[in-house]
Amino acid sequence: MRIVVGVGGGIAAYKACSLVRKFTETGHDVRVIPTESALQFVGKATFEALSGNPVHTGVFADVPEVPHVRIGQEADLVVIAPATADLMARAASGRADDLLTATLLTARCPVLFAPAMHTEMWEHPATIANVATLRAHGSTVMEPASGRLTGADTGPGRLPEPEEIFALASLLLERPDALPRDLEGRRIVVSAGGTREPLDPVRFLGNRSSGKQGYAMARVAAQRGAQVTLIAGNTIGLEPPAAVEVVHVTTAEQMGTAVDKHSAGADAVVMAAAVADFRPANVAAAKIKKGAHEPNSIELTKNRDILAGLVQARRDGQLSGLAIVGFAAETGDEHGDVLTHARAKLARKGCDLLVVNAVGDGKAFEVDNNDGWLLGADGTEQALDHGSKALLASRVLDALGPLLR
Ligand code: CTP
């Protein structure tokens with residue numbers, strides 16, 4: 001695919017280099033178009049070497065090729081990172097005073113802005129209006145991350161990490177309409193990752209959940225405008241998604257407490273976490289040793305079912321109006337195939353939607369792609385096509401939308 005990476009003049013321009021590299025490494029043809037001020041931060045030679053294509057800022061280079069029209073027309077995706085307040089202002093008002101803004105005017109493909117600026121600039125009414133205009137024009141403007149900005153200050157306005165921009169850009173290539181702002185004003189709780197149940201100070205019982213699917217759910221929901229709390233168990237070192245509140249937990253018990261606390265007042269809870277059903281009945285205070293007192297078995301105690309607890313609380317009139325989504329990782333066995341088990345689980349758990357993944361043979365766990373089925377309590381069944389975990393998340397959120405009060 002032909003990707004244009006537009007680079008605005010902000011300190012985060014250096015992160016555009018990793019983004020360009022991710023696109024070229026995944027086989028895309030990348031044209032980098034910096035603004036004149038972006039070149040104050042990163043040299044033209046760096047972008048040329050990383051993209052393998054010439055780099056210009058103005059419309060008067062290669063004039064016979066008519067680049068100010070052609071690059072935009074031929075692009076499959078335009079990503080602006082960092083999108084500064086000034087660049088978004090120029091884009092929102094339809095200016096074409098350099099090659100990048102001219103390209104934005106001629107592009108008919110998905111356009112993704114990844115903003116980066118100081119909090120004051122991000123929260124200024126002028127920027128808020130420009131972001132609204134760009135969205136109304138059909139562009140996707142990401143929520144920035146919160147955290148350390150240039151200098152010592154922190155707050156919303158930090159450029160989302162290149163991995164995250166890449167994930168959302170890839171999502172728009174898979175599905176251009178994956179990121180509508182349909183969840184604005186909604187509060188969604190997502191659990192992700194596996195829990196760890198300690199045996200002694202150094203050992204635990206765990207599972208193979210990487211957290212990637214739950215993180216993708218949280219990320220896509222936040223970029224569709226929801227206020228998201230992510231209750232994260234053990235994950236494989238994933239970057240926290242931009243504009244998402246992350247609460248870290250270890251055990252199933254801690255996860256249950258955190259989900260209960262944050263689901264009060266929420267519109268939906270999505271239980272993507274792989275919660276341990278059992279925990280060691282006794283946790284040794286000191287490391288279990290070989291020798292005289294070797295244990296030959298582990299006694300287990302059942303953990304409470306967090307999802308079933310939410311459904312029960314809703315039945316009891318607490319959490320009324322809460323939409324509840326469960327996940328099921330299933331393998332077929334002699335009692336039935338994946339879907340048979342999943343239908344039974346949906347009925348047993350009483351949630352509104354159940355996302356079903358077939359696992360085993362390297363599927364679902366730890367990998368970047370996923371597929372499965374989405375079962376609704378109303379009897380609807382939808383196959384979820386193979387694609388990124390963000391794509392699957394976008395389909396689940398499509399189905400969740402109509403269930404929100
Ligand atoms: N779940 C939960 N609390 C638990 C176990 C599971 O909230 N103690 C949630 C998971 O987050 C997931 C759903 O329940 O959304 C299904 O999890 P799964 O482990 O497949 O279900 P189980 O009821 O444990 O069924 P199984 O007997 O197949 O393990």
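For ligands, and for the atoms within them, numbers begin at 1 and follow the listed sequence. The structure presented is a predicted model; accordingly, all values stated were derived computationally and were not measured.
- Atom numbering of ligand 1 starts at 1 in the shown order; those under 4.0 Å from a heavy atom of G326 are 15 (O).
- By the side chain to side chain donor-acceptor pair (under 3.5 Å) test, R208 pairs with no residue at all, sequence neighbours left out.
- Across the listed options H341, R348, R279, R348 owns the non-hydrogen atom lying nearest to atom 27 (O) of ligand 1.
- Here the heavy atom of the protein found nearest to atom 7 (O) of ligand 1 is L307 N, 2.8 Å.
- Under a 4.0 angstrom heavy-atom cut-off, A252 registers as lying outside contact with ligand 1.
- Looking at K345, M271, M255, E253 and measuring to atom 25 (O) of ligand 1, the nearest heavy atom belongs to K345.
- In terms of modelled atom types and a separation under 3.5 Å, the side chain of N207 and the main chain of S209 share a donor-acceptor contact.
- Every N/O-N/O distance between S191 and ligand 1 stays at or above 3.5 Å.
- In summary, the atoms of ligand 1 found under 4.0 Å from a heavy atom of R304, numbered by their order in the structure, are 3 (N), 4 (C), 8 (N).
- A donor-acceptor contact closer than 3.5 angstrom links the side chains of E245 and T229.
- Around atom 3 (N) of ligand 1, the closest heavy atom drawn from I306, T195, L346 belongs to I306.
- Annotation: atom 17 (O) of ligand 1 to nearest protein heavy atom, F327 O, 3.6 Å.
- Taking only non-hydrogen atoms, the option from V275, V311, V356 nearest to atom 4 (C) of ligand 1 is V275.
- Side chains of T251 and R279: a donor-acceptor N/O pair is absent below 3.5 angstrom, by distance only.
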side-chain contact (heavy atoms from CB on, under 4.5 Å) between L199 and L205, worked out: CA-CA 7 Å; L199 272 164; L205 298 182; 4.2 Å; yes
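- Residues T84 and D86 have side chains that never bring a donor and an acceptor to within less than 3.5 angstrom of each other.
- For R158, the salt bridge (charged side-chain N to carboxylate O under 4.0 Å, His left out) partners at least two apart in sequence or on another chain are E161.
- Looking from atom 5 (C) of ligand 1 to the surrounding protein, the closest heavy atom is D277 OD1, 3.2 Å.
- The protein heavy atom nearest to atom 6 (C) of ligand 1 is K349 NZ, 3.8 Å.
- R343 places no side-chain N or O within donor-acceptor distance of the main-chain N or O of L375, the cut-off being under 3.5 Å.
- Across M271, H248, M255, a single residue satisfies side chain to side chain contact (heavy atoms under 4.5 Å, CB included) together with I231, and that is M255.
- Scanning the protein heavy atoms around atom 2 (C) of ligand 1, the nearest turns out to be D305 OD1, 3.4 Å.
- Looking only at protein heavy atoms, the nearest one to atom 10 (C) of ligand 1 is A273 O, 3.5 Å.
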